[in-house]
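Inspection log for the structure reproduced underneath, given as structure tokens.
Each chain gets a letter, A, B and so on, in the order the sequences are listed, and its residues count up from 1. The shown structure was predicted, so the numbers you read here are calculated from the model rather than taken from an experiment. Side chains are part of it too, since the values below use all heavy atoms of this structure and drop only hydrogens, waters and symmetry mates.
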Number of protein chains: 2
Amino acid sequence: MAVSKNPISGLNKIFDNRIRLGVMSVLMVNEEVSFNDLKQMLEVTDGNLATHMVTLEENGFIKVHKGFIGRKTNTTYSITKVGQKSFADHLNALENMIKGVR
Amino acid sequence: MAVSKNPISGLNKIFDNRIRLGVMSVLMVNEEVSFNDLKQMLEVTDGNLATHMVTLEENGFIKVHKGFIGRKTNTTYSITKVGQKSFADHLNALENMIKGVR
DNA sequence: TTATTTACTTTGTATTACAAAGTGCTTTTT
DNA sequence: AAAAAGCACTTTGTAATACAAAGTAAATAA
């Protein structure tokens, strides 16, 4: 058999993790999402979610907004331009891989 | 914002790893692939590939065939029925997630 | 006043991923 | 014939990752 092209070379390592994948896919279609909503959607502990959010932020994929509802803290997240581009690239790589399989 | 459905609940944890994802996608479209071809395609060290192959085998997703070319050992891998079904389910979950994003 | 919520941080553990080196057998090269 | 190299691993060790659980501080709700 001939050796064909590496099917996973276009994937972004940051998005291999399922929780970060989930966060990004939620933020692609929702302008702003709160910490709590993400936590409930993805069914994760808050400590775990917090560390993944830090990873995404450190990579410049998301922005954090620390605000208030009344005088109660309320943190929301949104995707950055870089995040949109990087995630779209990742999804394209995934789709190409899937296309190769079907 | 209302809390929508978990976008990653249908994903299979075994296929989160990029190397296992690559192996499965290669084995979906090729009857039989040798250890060496996989190694070259995915650009991994042999120790690393070997452990991922064991994981896939232990989960019943692939079958190992230890054979010879002449008197030289030759190991090939193929996907199982279970592997096909599980990987197809995973790809469907991925596609649904992508669809939700676009 | 006590309990609860929010959005974390800290701590600790378990799992994972990976490279590198070693192995035993064979073939190829010199 | 001897040395080098390929095959398909296993072993060893390390570093990174993931995660739960508990702790925290400021605020609100009961």
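- A continuous path of ILVMFWY side-chain contacts below 4.5 Å connects B/Tyr77 to B/Val82, so both sit in one hydrophobic cluster.
- If you check every strand for non-hydrogen atoms under 4.0 Å, B/Lys39 touches nothing.
- Checking side-chain atoms of A/His52 against main-chain N and O of A/Arg20 turns up no donor-acceptor pair under 3.5 Å.
- The side chain of A/Lys13 places no N or O atom within less than 4.0 Å of a non-bridging phosphate oxygen (OP1 or OP2) of D/dT17.
- The phosphate of D/dC7 (OP1 or OP2) has a side-chain N or O of B/Asn36 nearer than 4.0 angstrom.
- Rounded to a whole Å, the CD1 atom of A/Ile62 is 14 Å from the C1' atom of C/dA7.
- The side chain of B/Asn74 contributes no N or O atom lying less than 4.0 Å from OP1 or OP2 of D/dC7.
- Ring centers of A/Phe15 and A/Phe87: under 6.0 Å apart, within the cut-off.
- Of the side-chain N and O atoms in B/His52, one or more sit less than 4.0 angstrom from OP1 or OP2 of C/dC18.
- With 3.5 Å as the limit, one finds no donor-acceptor pair spanning the side chains of A/Glu32 and A/Ser78.
- With rounding to whole Å, A/Leu49 atom CG is found 17 Å from C/dT10 atom P.
- Rounded to whole angstrom, the span from the CZ atom of A/Phe35 across to the C1' atom of C/dT5 amounts to 12 Å.
- Rounded to an integer number of Å, the gap from A/Lys72 NZ to D/dA25 C1' is 15 Å.
- At the heavy-atom level, A/Arg18 lies nowhere under 4.0 Å from the strands shown.
- Contact annotation: A/Asn48 side-chain N/O to D/dA20 OP1/OP2 distance is under 4.0 Å.
- The residue A/Phe68 sits apart from the nucleic acid: no heavy atom pair falls under 4.0 Å.
- Along DNA chain D, the nucleotide nearest to A/Val44 and the one nearest to B/Thr73 differ in position, and the one closer to the 5' end is contacted by B/Thr73.
- The side chain of A/Lys66 has C/dA7 as its nearest neighbour among D/dA18, C/dA7, C/dA17.
- The CD1-C1' distance, from A/Ile14 to D/dA18, rounds to 14 Å in whole Å.
- In this model, the phosphate group of D/dA18 is approached by a side-chain N or O of A/Asn17 to a distance below 4.0 Å at OP1 or OP2.
- Two residues are said to be in side-chain contact when any heavy atoms from C-beta on lie closer than 4.5 Å; A/Pro7 and B/Leu42 meet this criterion.
- Distance from the side chain of B/Thr75 is smallest for D/dA8 among the nucleotides D/dC7, D/dA8, D/dA18.
- Rounded to whole Å, the distance from NE2 on B/His65 to P on D/dC9 is 12 Å.
- Across the protein-nucleic acid pair, A/Glu43 atom CD and D/dA18 atom P stand 19 Å apart, rounded to whole Å.
- In the hydrophobic cluster analysis, where Ile, Leu, Val, Met, Phe, Trp and Tyr join through side-chain heavy atoms closer than 4.5 angstrom, A/Val64 is grouped together with A/Ile19.
- Side-chain atoms of B/Asp46 and base atoms of D/dC9 include a donor and an acceptor less than 3.5 Å apart.
- Taking 4.0 angstrom as the limit, B/Tyr77 places none of its side-chain polar atoms (N or O) nearer than this to OP1 or OP2 of D/dA8.
- In this structure, B/Gln40 atom CD and D/dG6 atom P are separated by 11 Å, rounded to whole Å.
- Nucleic acid contact for A/Ile19: sugar-phosphate only, since backbone atoms but no base atoms lie under 4.0 Å from a heavy atom of the residue.
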